[in-house]
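Written below as structure tokens is the structure these notes are about.
In what follows, chains carry the letters A, B, and so on, assigned in the order in which the sequence lines appear, proteins first and then strands, with residues in each chain numbered from 1.
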2 protein chains.
Amino acid sequence: MNIGLAAKQTGVSAKMIRHYEAIGLVRPAARRENLYRDYGERDVHDLRFIRRARKLGFSIEEIGGLLALWRDETRPSSEVRRIATVHVEDLENRVAEMLAMIATLRRLIDACPGDATPDCPILADLGDACHRTLT
Amino acid sequence: MNIGLAAKQTGVSAKMIRHYEAIGLVRPAARRENLYRDYGERDVHDLRFIRRARKLGFSIEEIGGLLALWRDETRPSSEVRRIATVHVEDLENRVAEMLAMIATLRRLIDACPGDATPDCPILADLGDACHRTLT
DNA sequence: CCTTGACCTTCCAATGATGGGAAGGTGTAC
DNA sequence: GTACACCTTCCCATCATTGGAAGGTCAAGG
């Protein structure tokens with residue numbers, strides 16, 4: 001099948017399919033006589049795998065590791081679990097940071113009149129030379 | 001003051017200070033005879049403002065708008081509030097997405113034996129041709 | 001046979017925020 | 001006078017993705 005059809009069937013854009021090939025995440029596609037890439041079942045599987053892993057926020061590097069484990073019949077599930085755990089902890093750290101941002105911003109927004117007057121605690125907080133975190 | 005001192009006083013690296021100047025986020029610094037950049041009170045203020053806004057996750061573009069409002073004595077606080085609200089809603093959306101990823105991954109990790117056996121629900125979920133979200 | 005439109009190819013560039021480093025000029029302290 | 005810390009500009013890299021240009025290929029229809 002052509003790259004366009006593979007893209008439709010996997011939800012990965014043709015652009016990204018070529019890119020994943022260029023960086024070595026997927027094996028180079030077979031080529032027809034006209035040099036068009038030709039995809040089969042296994043390629044489609046790998047691309048779907050990648051798309052799902054991306055949706056779960058795995059990096060390309062992590063996905064490379066997961067794909068290798070997928071292909072390794074003798075893989076220990078502990079290794080997969082380790083990668084996923086490291087990733088989920090990273091996600092949790094980032095969420096915690098973002099929640100802190102949100103809490104601060106919500107406080108500032110609540111304190112801001114939001115009318116035509118120029119007095120705004122949001123700008124005051126960002127610009128105040130004697131900066132302190134609101135409590 | 002030199003760019004290095006300004007960097008120390010504001011927490012913005014010299015690299016980034018030059019970058020912010022290049023993209024027009026801050027006004028071009030005054031130059032001494034030797035072409036060294038020369039920073040004053042107001043520059044330091046703007047850089048601190050930027051650093052704090054970055055810590056709250058505002059994009060450079062949003063910060064440009066906030067800085068302009070800061071300098072505008074007649075700004076309506078409603079405009080500042082609007083920018084902050086849009087941003088916080090964006091943050092909340094991203095957090096919700098990440099929480100969904102985390103929930104899915106936690107379920108998969110909990111179901112994974114994490115031992116030397118190759119059977120792993122994490123890979124099964126990523127690779128299954130008949131894919132369904134775990135409930 | 002020729003055109004049109006939809007596909008495919010490769011290559012180059014941009015995004016946003018930041019860091020790294022090279023090559024070269026300047027300032028200061030010993 | 002020389003060593004060292006600082007400054008300058010310029011280019012490149014990251015990460016994942018998108019966009020476009022320039023050109024080749026294929027199928028349908030006039």
Rounded to whole angstroms, how far apart are [atom1] on [X] and [atom2] on [N]?
X       : N      : atom1 : atom2 : result
A/Glu33 : D/dT25 : CD    : C1'   : 13 Å
A/Ile3  : D/dT25 : CD1   : C1'   : 15 Å
A/His19 : C/dT15 : NE2   : C1'   : 14 Å
A/Leu35 : D/dC26 : CG    : P     : 10 Å
B/Glu21 : D/dT8  : CD    : C1'   : 12 Å
B/Asp38 : C/dT26 : CG    : P     : 17 Å

Base, sugar-phosphate alone, or nothing: which one does [X] contact when heavy atoms must sit under 4.0 Å apart?
X       : value
B/Tyr20 : sugar-phosphate
A/Arg31 : sugar-phosphate
B/Arg18 : base

Notebook entry, point to check: Between the side chains of A/Asp119 and A/Thr117, is a donor N or O closer than 3.5 angstrom to an acceptor N or O?
Noted result: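 No, A/Thr117 and A/Asp119 have no side-chain donor paired with an acceptor closer than 3.5 Å.
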Margin query: With heavy-atom distances below 4.5 Å as the criterion, would you say the side chains of B/Asp38 and B/Ile3 are in contact?
Written below: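 They are not in contact (no side-chain heavy atoms under 4.5 Å apart), so the answer is no.
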Checklist line | B/Tyr36 side chain, from C-beta outward: closest of C/dT18, C/dT26, D/dT17 | finding: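 Nearest nucleotide to the side chain: C/dT26.
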Under 4.0 Å between a side-chain N/O of [X] and OP1 or OP2 of [N], yes or no?
X       : N      : answer
A/Asn34 : D/dC26 : yes
B/Arg37 : D/dT8  : yes
A/Ser59 : D/dC15 : no

Check: Taking B/Asp43 as the fixed residue, which of B/Arg27, B/Arg48, B/Arg37 is the one that meets the side-chain hydrogen bond (donor to acceptor under 3.5 Å, both in side chains) rule?
Finding: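 Only one option passes, and that is B/Arg27.
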Checklist line | Which residue lies more 5' along DNA chain C, comparing B/Lys15 with B/Glu61 via nearest heavy atoms | finding: B/Glu61
Notebook entry, point to check: Taking for each residue the nucleotide of DNA chain D bearing the nearest heavy atom, is the 5' side occupied by B/Gly4 or by A/Ser13?
Noted result: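 Its nearest nucleotide being more 5', the pick is B/Gly4.
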